[in-house]
Number of protein chains: 2
Amino acid sequence: MRISELSATGKVSVPTIKYYLREGLLHEGRLTSATQAQYDDTHLARLHLIKALLVPGGLSIATAKAVLAEIDHPSAHIDVMLGAAQHALGDEPPPEVDLSRARQLIADLGWRADACDTVTFGLLQRALDGLDSAEFTVPQGLLDIYAAAIHHIAEQEIALAPTDSPEHAIRYAVLGTVLIEPLLIALRRLAHQDASAARFGDSNKLRVGD
Amino acid sequence: MRISELSATGKVSVPTIKYYLREGLLHEGRLTSATQAQYDDTHLARLHLIKALLVPGGLSIATAKAVLAEIDHPSAHIDVMLGAAQHALGDEPPPEVDLSRARQLIADLGWRADACDTVTFGLLQRALDGLDSAEFTVPQGLLDIYAAAIHHIAEQEIALAPTDSPEHAIRYAVLGTVLIEPLLIALRRLAHQDASAARFGDSNKLRVGD
């Protein structure tokens with residue numbers, strides 16, 4: 001198909017497709033003349049993937065590029081790939097950030113994690129620092145509940161990870177990280193509404209027409 | 001204290017404090033002359049709160065302002081407040097977005113949620129659309145596991161919500177939403193590493209020096 005058709009089918013404007021081509025997120029089409037190229041279903045599938053990473057996944061172009069590179073050129077060992085994919089999804093924390101509390105928390109939980117993955121430990125440390133900064137204390141009991149519930153989720157997800165090919169494994173790891181996070185966040189906010197109605201009474205009827 | 005001292009103690013630059021004052025995020029100090037004002041511990045506490053919302057919470061200035069307004073002028077009923085706080089934390093989805101799948105999912109789960117809270121249903125719908133767009137299928141069994149684990153977390157959180165004053169309740173709801181989300185996300189990524197090491201073997205030692 002021509003770029004105009006790729007644009008119509010993929011619901012992405014031609015200038016945006018050209019931008020993805022320039023940035024190397026999308027592979028080039030097959031040149032049929034000096035100014036025209038043909039695109040196929042692989043381009044369409046890739047466009048869907050890029051859209052998913054950028055919009056609901058909320059990734060920047062640079063991060064999406066790193067993630068797509070990981071999908072295109074996966075490492076040999078699935079466990080290494082999972083770590084590399086997560087690493088690609090975040091920014092290196094500034095060197096002055098002390099990660100010791102994040103490391104201690106994971107050590108206390110007895111979880112095995114890549115000690116060199118400063119990106120993910122940095123995410124956890126930033127979350128802990130934010131709670132401190134707002135003087136918002138999480139009781140140890142609640143922290144244990146978070147850890148147990150989240151670990152339960154992670155176990156089930158890893159149990160379902162495909163192992164037939166490195167491409168599939170990495171795609172699952174990256175998309176599972178980026179696309180499921182907004183799902184869990186949205187579910188938690190709605191679960192709060194339900195739990196709140198259960199505890200404080202259902203006053204939702206008052207809110208029609210807010 | 002003077003603004004310079006507030007800046008040093010709160011670790012926020014003077015121009016940034018002035019910006020917060022202009023934007024109405026921070027309340028004015030007590031004027032001691034035409035060009036000087038005195039600040040106190042309420043300003044310091046507010047600065048910490050603003051920092052927590054903006055940096056780890058990742059909110060924009062406009063959203064932080066809406067959230068702080070909710071904290072400053074809470075509604076009468078705690079259940080209404082929780083919904084209003086969540087509403088303030090997101091953007092209204094574009095009118096063309098069809099929220100029916102998000103509503104159906106919550107109805108299927110049997111959760112009570114504010115049907116008028118299009119912001120939070122919009123978040124869920126966007127997450128579902130992202131999964132579709134990437135052709136990433138979540139098996140029903142896994143979706144049920146997500147819902148159960150997240151609802152369990154939400155119940156425990158709502159059980160701990162303070163009810164002594166509307167200010168405390170809303171502060172808890174807003175900060176609990178904004179500050180715990182990054183914590184859960186970071187924990188999930190690290191839990192994946194642990195679950196992956198358990199399933200695929202611990203190859204982390206290979207990764208030292210990545």
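By convention in this document, chain letters (A, B, ...) are assigned in the order of the sequence lines, proteins followed by strands, and residues within each chain are numbered from 1.
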Trace of the side chain to side chain contact (heavy atoms under 4.5 Å, CB included) decision for B/Arg188 with A/His151
CA-CA 7 Å; B/Arg188 176 165 170 265; A/His151 198 277; over 6 Å; no
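- Looking at A/Ala102, neither its backbone nor its side chain comes within 4.5 Å of chain B, counting heavy atoms on both sides.
- In this structure, the portion of A/Leu128 lying under 4.5 Å from any heavy atom of chain B is its side chain and not its backbone.
- The part of B/Leu143 that comes within reach of chain A is its side chain, from C-beta onward, which places non-hydrogen atoms under 4.5 angstrom from that chain.
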Given side chain to side chain contact (heavy atoms under 4.5 Å, CB included), test A/Gln193 with B/Thr120 step by step and report yes or no.
CA-CA 10 Å; A/Gln193 297 190 12; B/Thr120 311; 4.1 Å; yes
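- In this structure, the side chains of B/Val138 and A/Ile180 come closer than 4.5 Å at one or more pairs of heavy atoms.
- The contact between A/Ile106 and chain B is made entirely by side chain atoms (from C-beta outward), counting heavy-atom distances below 4.5 Å.
- Atom CZ in A/Arg126 sits 12.0 Å away from atom CG in B/Leu179 (nearest 0.5 Å).
- Residues B/Gly110 and A/Asp194 share a closest heavy-atom pair of O-OD1, 4.2 Å.
- Put simply, of A/Leu105, A/Ile50, A/Leu49, A/Leu124, the one with the most heavy-atom pairs under 4.5 Å next to chain B is A/Leu124.
- With a 4.5 angstrom heavy-atom cutoff, A/Arg199 touches chain B only via side-chain atoms.
- The nearest pair of heavy atoms linking B/Tyr146 to A/Leu183 is CD1-CD2, 3.9 Å.
- B/Lys51 and A/Ser133 make their closest contact through CB-OG, 4.2 Å (heavy atoms, listed as atom of the first residue, atom of the second, distance).
- Taking 4.5 Å as the limit, every side-chain heavy atom of A/Phe121 sits out of range of all side-chain heavy atoms of B/Arg189.
- For A/Leu187, the parts sitting under 4.5 Å from any heavy atom of chain B are the backbone and the side chain alike.
- Annotation: side chain of B/Leu160 is in contact with side chain of A/Pro139 (closest heavy-atom distance under 4.5 Å).
- Across A/His192 and B/Ala154, no two heavy atoms sit closer than the pair CD2-CB, 3.5 Å.
- Surrounding CG of B/Asp98 are more than 12 heavy atoms belonging to other residues, nucleotides or ligands, all under 6.0 Å away.
- The side-chain heavy atoms of B/Ile185 and A/Thr177, taken from C-beta on, include no pair separated by under 4.5 Å.
- Contacts of B/Ala159 with chain A are made by backbone atoms alone, with heavy-atom separations under 4.5 Å and no side-chain atom involved.
- Between chain B and the options A/Leu184, A/Leu109, A/Leu190, heavy-atom pairs under 4.5 Å are most frequent for A/Leu190.
- Looking at every heavy atom in both residues, B/Ala198 comes nearest to A/Arg112 through CB-NH2, 3.5 Å.
- Of the atoms belonging to B/Leu142, it is side-chain heavy atoms, and not backbone ones, that fall under 4.5 Å from chain A.
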